[in-house]
Number of protein chains: 2
Amino acid sequence: MTSGQPREPLPRDREPTLTIAQVAERTGLSHDTLRYYEKAGLIERVGRSTGNQRRYQAADLAWLEFLLRLRGTGMSIADMQRFAALRAAGNVTVADRLAMLREHRAELAERIRALRRNASVLDDKIDHYQRLLLDEHEIEHEQPGSDETT
Amino acid sequence: MTSGQPREPLPRDREPTLTIAQVAERTGLSHDTLRYYEKAGLIERVGRSTGNQRRYQAADLAWLEFLLRLRGTGMSIADMQRFAALRAAGNVTVADRLAMLREHRAELAERIRALRRNASVLDDKIDHYQRLLLDEHEIEHEQPGSDETT
DNA sequence: GTAGAACCTGGAGCGCGCTCCAGGTCAAGC
DNA sequence: GCTTGACCTGGAGCGCGCTCCAGGTTCTAC
């Protein structure tokens, strides 16, 4: 124990593990969120130390990171639960998982399109305000106020 | 009153108005949400009939539709409140409003970029599952199960 | 052995953006 | 006058995704 990193006894056939604090730091999730995700079934029950403290393995971290990608595409907890349950059920659910991801991907594409449409309205409004400001400066306050609609 | 549309007496210098039901239908918002937006100050107090019922004008509808664009870009109610308050304060706030929209636009661009990054991880996973399924079919069930990581 | 930090559990609480409800008013048709 | 339905108000409630809390255990350093 010379480095600052607390480690398990490491019985040599077991890979090194991470504490909840380390996983929190690596993923950006809070301790509470990590425990919540486990309770919610998003991640399978994580291994424990002899004293019942969580010890995450590399696979747990990888899965968490994928969950974060799903969350980052706007997938709901409920859908992630469904996906996690399929995953836990083994390889026979690969087709189902593929279908879920494809559907989600399509929705995401649509959401991105909608965002871009709305963004362009935003751009128009920005242009409009810019022109208003320019005109205001050109005319150098003649008639302050009272032409408000936008 | 020959058509099914209930109208105000229409004193001729007043434009035609819309009931809350008509606005709900046009905007896709519920009656409750319309009232909530008004209570929250997102829209200024809408005109009323003699019987205290809301009568929306074209300008109200236009503003609502712009709000919906803002909402559609992920702007929070709190920010929309700020924006609406600036608007209500008149033309002197145009520069502030421009600044708000620009900042929001920048955040939106970043959010869209993040979505696309996450989407590409999703695409990779989809490819991965597709390949898994293909291999499975090629090999025609030899060793069902037990190579699960993804 | 002991202090203090890190961790555990179950459950309550919160901020957001609505949504619903109770109890009432108003307008139109019969 | 009566019924029906659209509308009104204030306020409670809800689903989501966490976040916080109390009370207890465990781990690490000294």
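It should be emphasised that the depicted structure is a prediction, and the values quoted were computed from it without experimental measurement. Chain identifiers are assigned alphabetically (A, B, ...) following the order of the sequence lines, protein sequences preceding nucleic acid strands; residue numbering begins at 1 within each chain.
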N or O in side chain of [X] less than 4.0 angstrom from [N] OP1/OP2:
X: B/S30; N: C/dT19; value: yes
X: B/H31; N: D/dC7; value: yes
X: B/S49; N: D/dA6; value: no
X: A/Y37; N: D/dC18; value: yes

**Asked** For the helix from C/dG1-D/dC30 to C/dC30-D/dG1, what is the angle between the axes at its two ends, each from 5 pairs, rounded to 10°?
**Response**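 Angle reported: 0°, given to the nearest ten degrees.
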**Prompt:** Between the main-chain N or O of B/V46 and the side-chain N or O of B/R48, is there a donor-acceptor pair closer than 3.5 Å?
**Reply:**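 Present.
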**Asked** Counting N and O atoms only, with roles assigned by atom type, does the side chain of A/T93 sit under 3.5 Å from a partner on the main chain of A/A89, one being a donor and the other an acceptor?
**Response**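 No, because the side chain of A/T93 does not come within donor-acceptor range (under 3.5 Å) of the backbone of A/A89.
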Contacts under 3.5 Å, N or O only, protein and nucleotides 8-12 of chain C:
{"from": "C/dC8", "atom 1": "OP1", "to": "A/R54", "atom 2": "N", "distance (Å)": "2.7"}
{"from": "C/dC8", "atom 1": "OP1", "to": "A/R54", "atom 2": "NH1", "distance (Å)": "2.9"}
{"from": "C/dC8", "atom 1": "OP2", "to": "A/R35", "atom 2": "NH1", "distance (Å)": "2.5"}
{"from": "C/dC8", "atom 1": "OP2", "to": "A/R54", "atom 2": "NH1", "distance (Å)": "3.3"}
{"from": "C/dC8", "atom 1": "O5'", "to": "A/R54", "atom 2": "NH1", "distance (Å)": "3.4"}
{"from": "C/dT9", "atom 1": "OP1", "to": "A/R48", "atom 2": "NH1", "distance (Å)": "3.0"}
{"from": "C/dT9", "atom 1": "OP2", "to": "A/R54", "atom 2": "NH1", "distance (Å)": "3.0"}
{"from": "C/dT9", "atom 1": "OP2", "to": "A/R54", "atom 2": "NH2", "distance (Å)": "2.7"}

**Asked** Minimum heavy-atom separation for A/E15 to A/A58, with atom names?
**Response**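 Looking at all heavy atoms of both residues, the shortest contact is OE1-N, 3.0 Å.
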**Message:** On a heavy-atom basis, which atom in A/G74 and which in A/R111 lie closest, and how many Å separate them?
**Reply:**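 Taking every non-hydrogen atom into account, CA-NH1, 4.0 Å.
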**Prompt:** Going by the angle between their ring planes, with limits at 30° and 60°, are A/W63 and A/F83 parallel, tilted or perpendicular?
**Reply:**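 Because their plane-to-plane angle is under 30°, the rings of A/W63 and A/F83 count as parallel.
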**Prompt:** Does B/R82 have any side chain to side chain donor-acceptor pair (under 3.5 Å) partners at least two apart in sequence or in another chain, and if so, which?
**Reply:**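 Listed in chain order: B/D79.
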**Prompt:** Should B/R97 and B/E103 count as an ion pair when the cut-off is N to O under 4.0 Å?
**Reply:**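 No.
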**Asked** With sequence neighbours excluded, what pairs up with A/Q130 under the side-chain contact (heavy atoms from CB on, under 4.5 Å) test?
**Response**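 If we apply the side-chain contact (heavy atoms from CB on, under 4.5 Å) test to A/Q130, skipping adjacent residues, the hits are A/I126, A/D127, B/L98, B/R102.
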**Request:** Name every residue in residues 70-77 of chain B that has at least one heavy atom under 4.0 Å from any atom of DNA chain C, in order of residue number, or write none if there are no such residues.
**Result:**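 Going residue by residue through residues 70-77 of chain B, the ones with a heavy atom under 4.0 Å of DNA chain C turn out to be B/R71, B/S76, B/I77.
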**Asked** Is there a residue in residues 105-117 of chain B whose heavy atoms reach under 4.0 Å of DNA chain D, and which residues are they?
**Response**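 Contacting residues: none.
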**Request:** Starting at atom OH of A/Y36, determine the distance to atom C1' of D/dG15, rounded to an integer number of angstrom.
**Result:**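 Those two atoms, OH and C1', are 10 Å apart.
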**Message:** Can you measure A/L34 atom CG to D/dC18 atom C1' for me and round it to whole angstrom units?
**Reply:**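 Roughly 12 Å, once rounded to whole Å.
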